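For reference, the structure discussed in these notes is given below.
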There are 2 protein chains.
Amino acid sequence: MSGRTYPQLALDLQLCFPLYAATRAVTKRYVTLLKGTGLTYPQYLVMLVLWETEEPLSVTSLGQRLRLDSGTLTPLLKRLEAAGLVRRERDPGDERRVLVSLTEDGRALEEQVAGVPHQLGASMGITRDEALALRDQLTELVDHLDTAESA
Amino acid sequence: MSGRTYPQLALDLQLCFPLYAATRAVTKRYVTLLKGTGLTYPQYLVMLVLWETEEPLSVTSLGQRLRLDSGTLTPLLKRLEAAGLVRRERDPGDERRVLVSLTEDGRALEEQVAGVPHQLGASMGITRDEALALRDQLTELVDHLDTAESA
DNA sequence: CGCTATTAAGTTGTGCGCAATATGGTTGCG
DNA sequence: CGCAACCATATTGCGCACAACTTAATAGCG
């Protein structure tokens, strides 16, 4: 334990591992909270965006909002379509684009998950203000990592 | 935008999405930083644990440390074995257990990644103290979520 | 108008994560 | 000892993530 050659490699000293573990713990919690909707966590995120805009969105717009590419979104959207929650239609004005829109079932699902954010908040054991502060820190982190990555 | 039915579902208000995005941004950064070692980020975490203990570890111990199960670890460890970084041997004293130990190449790799934590820290644009505070907050978050999940 | 560059989505392949299950080894109880 | 719980690991199946590539459509320039 003492005198290791590279102390900076200690798992417990690093930020990356708790971050990774926290994401997985949150995802696991969502499995429980979303049980009954049939949604996975990434599918829930897509639905959040669609509920928010109430407009048909292209795959690319969805991807920009969620930082996901077509390799992830295409099969995910096909599953949402198979579940009857969204429609996927080529944009008549630009046949390259696929517009994703909510079905009636998809729209109706919003009510069923309205309590999820509160339930998750309660599971995290932090106040709303702490959550918002943490959110801001993580958002900044992402911005910095993006910059570093593109440099 | 204004007057939506369930404002608590707004993506930008939620903690979960930046958390999810931050983990993916960190993982992406690791791809760059670990290029040349042939390691993925989860494989790097396994190596961190092995470098730390310097003792053969069972799959279960590794899993407890990293919160991963055999379904994830078994194939990952086989890839590390194929890369010549670890050995996998049945425990002679208990043939149910598989002991994972470092090869010489595996041990030698530690030096090559010694600079990675510092490089990642620089990419995140936060001070060491901020990183440690964030680490503690996330660790607490995980503890709470575990409690909620098992309740 | 015709051709090239660009863009959008889809496809393929690899590696997680994890639930559910299978397989084989060990323990402990009668 | 025999056998029924229990335990450790492995396997299977599904759904992400994402890089690299393909296909099809559009834009823009000469």
Side-chain angles (χ1 to χ4, degrees), chain A residues 17 20-32 34-35 37-47 56-64 66-83 86 88-100 146 149, chain B residues 17 20-32 34-35 37-46 56-64 66-83 86 88-100 142 146 149:
Chain A
F17 178 61
Y20 164 74
T23 295
R24 287 187 291 129
V26 167
T27 302
K28 191 179 242 175
R29 191 80 189 110
Y30 270 116
V31 171
T32 306
L34 294 175
K35 186 156 289 178
T37 66
L39 292 174
T40 65
Y41 173 54
Q43 289 168 10
Y44 167 75
L45 290 178
V46 168
M47 295 302 286
L57 283 175
S58 69
V59 174
T60 302
S61 330
L62 273 169
Q64 284 170 349
L66 297 174
R67 303 174 148 263
L68 293 171
D69 73 356
S70 69
T72 301
L73 285 174
T74 296
L76 187 157
L77 291 169
K78 284 184 180 174
R79 282 186 286 270
L80 287 180
E81 186 180 40
V86 306
R88 293 165 64 247
E89 294 154 327
R90 288 279 164 187
D91 182 345
D94 182 345
E95 291 279 344
R96 289 172 303 182
R97 288 153 52 90
V98 166
L99 295 178
V100 182
D146 278 355
E149 197 57 28
Chain B
F17 178 61
Y20 164 74
T23 296
R24 287 188 291 131
V26 167
T27 302
K28 191 178 244 177
R29 190 84 189 106
Y30 270 116
V31 171
T32 305
L34 294 175
K35 187 155 290 178
T37 67
L39 292 174
T40 66
Y41 174 54
Q43 289 168 10
Y44 168 74
L45 290 178
V46 168
L57 283 175
S58 69
V59 174
T60 301
S61 332
L62 272 170
Q64 283 169 350
L66 297 174
R67 305 174 147 262
L68 293 171
D69 74 354
S70 70
T72 300
L73 285 173
T74 296
L76 187 156
L77 291 169
K78 284 183 178 173
R79 283 186 285 268
L80 286 179
E81 187 181 38
V86 306
R88 293 166 62 246
E89 295 155 327
R90 289 277 164 189
D91 182 344
D94 183 344
E95 291 278 344
R96 289 171 303 181
R97 289 152 50 88
V98 166
L99 296 178
V100 181
V142 171
D146 279 355
E149 197 56 28

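Here is how names work: the chains are called A, B, and so on, in the same order as the sequence lines, proteins then strands, and each is numbered from 1. Just so we're clear, the structure is a prediction, and the values are computed from it rather than from any experiment. Every heavy atom of this structure was used, including side-chain atoms; hydrogens, water molecules and symmetry mates were not.
- Under a 3.5 Å cut-off, the side chain of Arg90(A) and the backbone N or O of Arg96(A) do form a donor-acceptor pair.
- Among residues two or more places apart in sequence or in another chain, the side chain to side chain donor-acceptor pair (under 3.5 Å) test is passed with Thr32(A) by Glu149(B).
- Between dT11(D) and Lys78(B), a contact under 4.0 Å exists linking OP1 or OP2 to a side-chain N or O.
- Contact of Arg96(A) with dT7(C) (side chain to base): a donor-acceptor pair of N or O atoms is detected under 3.5 Å.
- Residue Ser58(A) is in sugar-phosphate contact alone, with no base atom involved, counting any heavy-atom pair closer than 4.0 Å across all strands shown.
- Phosphate proximity of dC18(C) to Arg24(A): present, with a side-chain N or O under 4.0 Å from OP1 or OP2.
- Using a 4.0 Å heavy-atom criterion, one finds that Leu76(A) contacts the sugar-phosphate atoms exclusively.
- Where Val59(A) and Lys28(A) each meet DNA chain C at their nearest nucleotide, the meeting point lying more 5' is that of Val59(A).
- For Thr60(A) against dA8(C), a side-chain-to-base donor-acceptor contact under 3.5 Å is absent.
- Looking at Thr40(A), its side chain has no donor and acceptor atom pair within 3.5 Å of the base of dG15(D).
- The nucleotide whose nearest atom lies closest to any side-chain atom of Leu68(B) is, among dC18(C), dC16(D), dA9(C), dC18(C).
- In this structure, the side chain of Arg24(A) engages the main chain of Arg67(B) through a donor-acceptor pair within 3.5 Å.
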